[in-house]
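Each chain gets a letter, A, B and so on, in the order its sequence line appears, and its residues count up from 1. If you're wondering where the values come from, they're calculated on a predicted model, not measured in any experiment.
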There are 2 protein chains.
Amino acid sequence: MAAQRGQRNGVGDTPPAPTAAEITTPIPRVAEVPAARDRARAIPEAAVARLAVYLRVLSGMQEQGAGTVSSEELAVAAGVNSAKLRKDLSYIGSYGTRGVGYEVVVLIEEIERILGLTRKHSVAVVGIGNLGHALANYGGFPGRGFPVTALFDVDPDLVGVPVGGIPVDHIDDIPRVCAEREVSIGVIATPPPAAQAVCDRLVEAGVQCILNFAPVVLQVPDHVEVRKVDLAVELQVLSFHVARRADDAAQGDGVAGMGPDLQVNGMVVS
Amino acid sequence: MAAQRGQRNGVGDTPPAPTAAEITTPIPRVAEVPAARDRARAIPEAAVARLAVYLRVLSGMQEQGAGTVSSEELAVAAGVNSAKLRKDLSYIGSYGTRGVGYEVVVLIEEIERILGLTRKHSVAVVGIGNLGHALANYGGFPGRGFPVTALFDVDPDLVGVPVGGIPVDHIDDIPRVCAEREVSIGVIATPPPAAQAVCDRLVEAGVQCILNFAPVVLQVPDHVEVRKVDLAVELQVLSFHVARRADDAAQGDGVAGMGPDLQVNGMVVS
DNA sequence: CCAACTTTGTGCACACGTTCACAAGCGGTA
DNA sequence: TACCGCTTGTGAACGTGTGCACAAAGTTGG
Ligand SMILES: NC(=O)c1ccc[n+]([C@@H]2O[C@H](COP(=O)([O-])OP(=O)(O)OC[C@H]3O[C@@H](n4cnc5c(N)ncnc54)[C@H](O)[C@@H]3O)[C@@H](O)[C@H]2O)c1
Ligand SMILES: NC(=O)c1ccc[n+]([C@@H]2O[C@H](COP(=O)([O-])OP(=O)(O)OC[C@H]3O[C@@H](n4cnc5c(N)ncnc54)[C@H](O)[C@@H]3O)[C@@H](O)[C@H]2O)c1
C-alpha cells in the first residue's frame, strides 16, 4: 500500500526551504563567478539543453570568424525565437552589449563555464555491441570535452580488443578502471536485461551520471543523474504525429490546403 | 511574417472550446473513436512520449502473463508517479475499472491505436557509417512496428552492399525507393554538413517524419515533423548537473543534513 | 551634446505540464 | 440489498516554461 509517493517524496521537490537562491550568499568565495553560481541553480532544464545548442552554433560562427552576434541571428541559427534565446542567456548573466549584440568569444566562455565544460569529463561505454562500437569510434565527443577513456563488456572475445583505440575491459574491472581514469559519465549500451546491473556497478564505482540507451527504466540513488535516449520512443512519437495528421486530413478541415506559406522552411527571418 | 515556429504555432493550442471532457459523456461508446480522435489532438507532447514507455512496460507485463494492472503498479514500473500516469491515460479515454485497475490487453490496444501503431511505419536510414550500421543491424525496431526497409549512402563502395539484410541504395534513388517502399520515417545519420541536403531530399520524396542524429538544426516545411537525438547535448546536460552538484557541495550549505529520509532509490515499492 | 536608432534584459501574462485530493464507481461481503 | 474498501478519473491548485512588449542602455550621426 501507500508509501508510493516515494518519487516526489524524496527527490524532486524542494523539501522545506524555499529559500534556494535569495539568501545573502555569505561570501562563499571572493574569487570570480560571484552571483553566477547561484543562478546556475535556477536555470530551467529546458534552457540548459538549449544552451548546449547555442554553444555548438556559436562555435561554428567563431570558426567563420564572427566577432559578435545579435540575439536575432543566433536565434535563427539555433532554431528558436529570439526572446527565448535572450531569456536563456539571461539565466547565466548579462554579457551582451545593448545596441550591438554579444561577443561570440565571451558567450562561448560563459556557456562553457555554466555547463561545466571547463573540466574534462571522462566517459566510459559499457556494452560494446552495435551501438557501443559506433559510440567508441565516434570522433565527435573528445573534441567537445568528453574523451571516451574506458570500454567495458562481458564478452570474453571482446575483452582486450581495442575499439576506437581503447582496449575493452571486463565489467568486473569497472570499479578499478573507473577510479583510475576518473570516469564521470557512464554510457549504457547493453541489452535491456543487463542494464540495471551494469548501472548498479557504475554507481557503485562512483559514476554520478548515466546516459542510458537500453529501453529500461533505471533505478538509481538520488545523487545520480540519468538521461535516457530511447529511439523506439522517438519513433513512436513520430508515429503519433503522422496519425494525428492523417486524422486531421481525414476530417477535411480548411487547414488542409496549407495556403499560409509555401514549403520552403519553417522559419521566417524577415 | 510570423509563422516562425511552426512547431508550436500550428499545433498545441486548444482553439476555442474548453469543453474537452466535463460534458456528461452520454452514451459511453458504441461506435469507436468518435471523440477519441478529438482527444488525440489535446494530448500533451510529454504525455505522448510517456505513453510509449507505458506501452513497453505493458508489453513486458503481458509476456509475464499479467491480466490487469493498477495505476500504481504500472506507474512504479514506468518510473512515474501514479497521478501522472492516470492523467496520461485519461487523455486517451477511460479504459480502467474502478476498484480493479486496467486490463493489460485493452490498454496496449488503446495506446497502440492512439500512437498510430496499428499501421506499420516503414523506416529509411540515410548515412550508413558507424551509427547507420548500428541502426540497420538493430533488431529492436521491426518488432515494434518500425521495419527498416531502405538504406542510403553516397559512398559508391557501400551502395549495393547489404547491411542488416538490406542492400544500400544510392541517395539519388531516394525518391524512387521511398515511394516504392512507402517510407514514412527517415533517419538521418550522415555527417553534419550533409544533413540538411539529405533532409531536403527526403522531404521532397514525401517523407513526413525525420529522426535526426546529426548535430544540426534542420529547416523543414511545416508539415514535416522532426525529432532530434543529440548525444553531445545529452552529455553536456549531464555535465551541467555535475557542475551544479559540485557547487552545492562546495558551498557546504545546511541542506545536506536535511535527512528527511534516506531512501536508497527514488522509488518505494512497499 | 542631443536625437534617432538598435538591441539587450526582463516584468508580466499566458500556456503548458504536474501534482493533489477527492467524488464516483466497482467488486466483494454480510 | 446495503455496506465497505479499493482504484479510477478528473477538477483545481500549483509550478514551470514561453513569448510579448517595452524600458534601459548602448551606438551612431549630426
Ligand atoms: N543498435 C541500435 O541501433 C539500437 C537502437 C536503439 C536501442 N538500442 C539499445 O542499445 C542497447 C545496445 O544495442 P546493440 O544493438 O549495441 O546490442 P548488441 O547486442 O549489439 O550489443 C550488446 C553488447 O552488450 C554486451 N553485454 C551483454 N551483457 C552485458 C553485461 N552484463 N555487461 C556488459 N556488456 C554486456 C554484449 O556482449 C554485446 O557486446 C540495447 O539495449 C538496445 O536495445 C540499440
Ligand atoms: N557514431 C556515433 O556514435 C555518433 C554519436 C553522436 C552523433 N553522431 C552523429 O551521427 C552522424 C553519423 O555519425 P557516424 O559516426 O555514423 O559517421 P560516419 O562518418 O561513420 O558515417 C557517415 C556516413 O554518411 C555517409 N554520407 C556522407 N555524406 C552523405 C550524403 N550526402 N548522403 C548520404 N550519406 C552520406 C558516409 O558515406 C558515411 O557512410 C554524424 O552526424 C554524427 O555527428 C554519431
Side-chain angles (χ1 to χ4, degrees), chain A residues 1-2 4-14 18 20 35 39 41-51 68-76 78-103 106-107 110, chain B residues 1-5 7-16 18-25 28 39 41-51 68-76 78-103 106-107 110:
Chain A
M1 54 106 118
Q4 80 289 46
R5 307 296 156 71
Q7 186 192 7
R8 115 195 132 79
N9 189 0
V11 189
D13 53 355
T14 32
R39 284 169 188 264
R41 208 161 318 205
I43 304 181
E45 184 85 8
V48 173
R50 285 191 300 267
L51 283 172
T68 60
V69 251
S70 70
S71 61
E72 189 57 40
E73 289 176 84
L74 187 51
V76 169
V80 300
N81 104 19
S82 69
K84 190 189 290 187
L85 179 131
R86 285 198 302 275
K87 176 126 350 219
D88 287 345
L89 292 183
S90 80
Y91 292 126
I92 68 175
S94 299
Y95 303 104
T97 307
R98 294 172 190 226
V100 178
Y102 303 87
E103 250 184 275
V106 173
L107 223 43
E110 295 302 328
Chain B
M1 64 90 145
Q4 81 284 30
R5 280 281 68 198
Q7 185 190 7
R8 183 165 313 285
N9 191 359
V11 186
D13 49 0
T14 32
T19 54
E22 45 39 345
I23 341 172
T24 56
T25 40
R39 285 170 189 263
R41 209 158 318 200
I43 303 180
E45 183 85 7
V48 173
R50 286 191 300 266
L51 283 171
T68 61
V69 252
S70 69
S71 62
E72 188 57 40
E73 290 175 84
L74 187 51
V76 169
V80 301
N81 107 16
S82 69
K84 191 189 289 187
L85 179 132
R86 286 200 300 279
K87 174 77 72 183
D88 287 346
L89 292 183
S90 80
Y91 293 126
I92 67 174
S94 298
Y95 302 104
T97 308
R98 294 170 190 229
V100 179
Y102 303 87
E103 250 184 274
V106 173
L107 223 43
E110 295 301 331

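- Among the nucleotides C:dG17, D:dT18, C:dT19, the one closest to the side chain of B:N81 is C:dT19.
- Taking atom CZ on B:R50 and atom C1' on C:dT19, their separation rounds to 11 Å, with Å as the unit.
- Between A:S82 and A:S71 the shortest heavy-atom distance is CB-O, 4.0 Å.
- Of the candidate nucleotides D:dG17, C:dT10, D:dG19, C:dT10 has the atom nearest to the side chain of A:S94.
- B:Y91 pairs in a side-chain contact (heavy atoms from CB on, under 4.5 Å) with only one of the listed residues (B:I43, B:V48, B:L51), which is B:I43.
- Straight-line distance from the CG atom of A:L51 to the P atom of D:dG17: 13 Å, rounded to whole Å.
- With rounding to whole Å, B:Y91 atom OH is found 11 Å from C:dT19 atom P.
- Rounding to the nearest 0.5 Å gives a distance of 11.0 Å between OG1 of A:T68 and CG of A:L107.
- Taking atom CD1 on A:I43 and atom P on C:dG9, their separation rounds to 14 Å, with Å as the unit.
- In this structure, B:L89 and B:Y102 have side chains that are in contact, with non-hydrogen atoms separated by less than 4.5 Å.
- In this structure, the CG atom of B:L89 is 9 Å from the P atom of D:dT8, given to the nearest Å.
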Quiz prompt | Per-nucleotide protein contact string for nucleotides 1-7 of chain D (B base, S sugar-phosphate only, - none; heavy atom under 4.0 Å) | solution = -----BB
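- Distance A:K84 NZ to D:dG17 C1': 8 Å, rounded to the nearest Å.
- Within the 4.5 Å cutoff, the side chain of A:D88 has no heavy atoms near those of the A:V80 side chain.
- Of the candidates D:dT18, C:dT18, C:dG17, C:dG17 carries the atom nearest the B:E45 side chain, counting heavy atoms from C-beta on.
- Closest to the side chain of B:S90, from the set D:dG9, C:dG17, D:dT18, is D:dG9.
- In this structure the side chain of A:S90 never reaches within 4.5 angstrom of the side chain of A:R86, judged on heavy atoms.
- In this structure, the separation between CG on B:N81 and NZ on B:K87 is 12.0 Å, given to the nearest 0.5 Å.
- Atom CG of B:D88 is separated from atom P of D:dT10 by 13 Å (rounded to the nearest Å).
- You won't find any donor-acceptor pair under 3.5 Å spanning the side chain of B:K87 and the base of D:dG9, going by distance alone.
- A:I92 places its CD1 atom 13 Å from the C1' atom of C:dG9, with the value rounded to the nearest Å.
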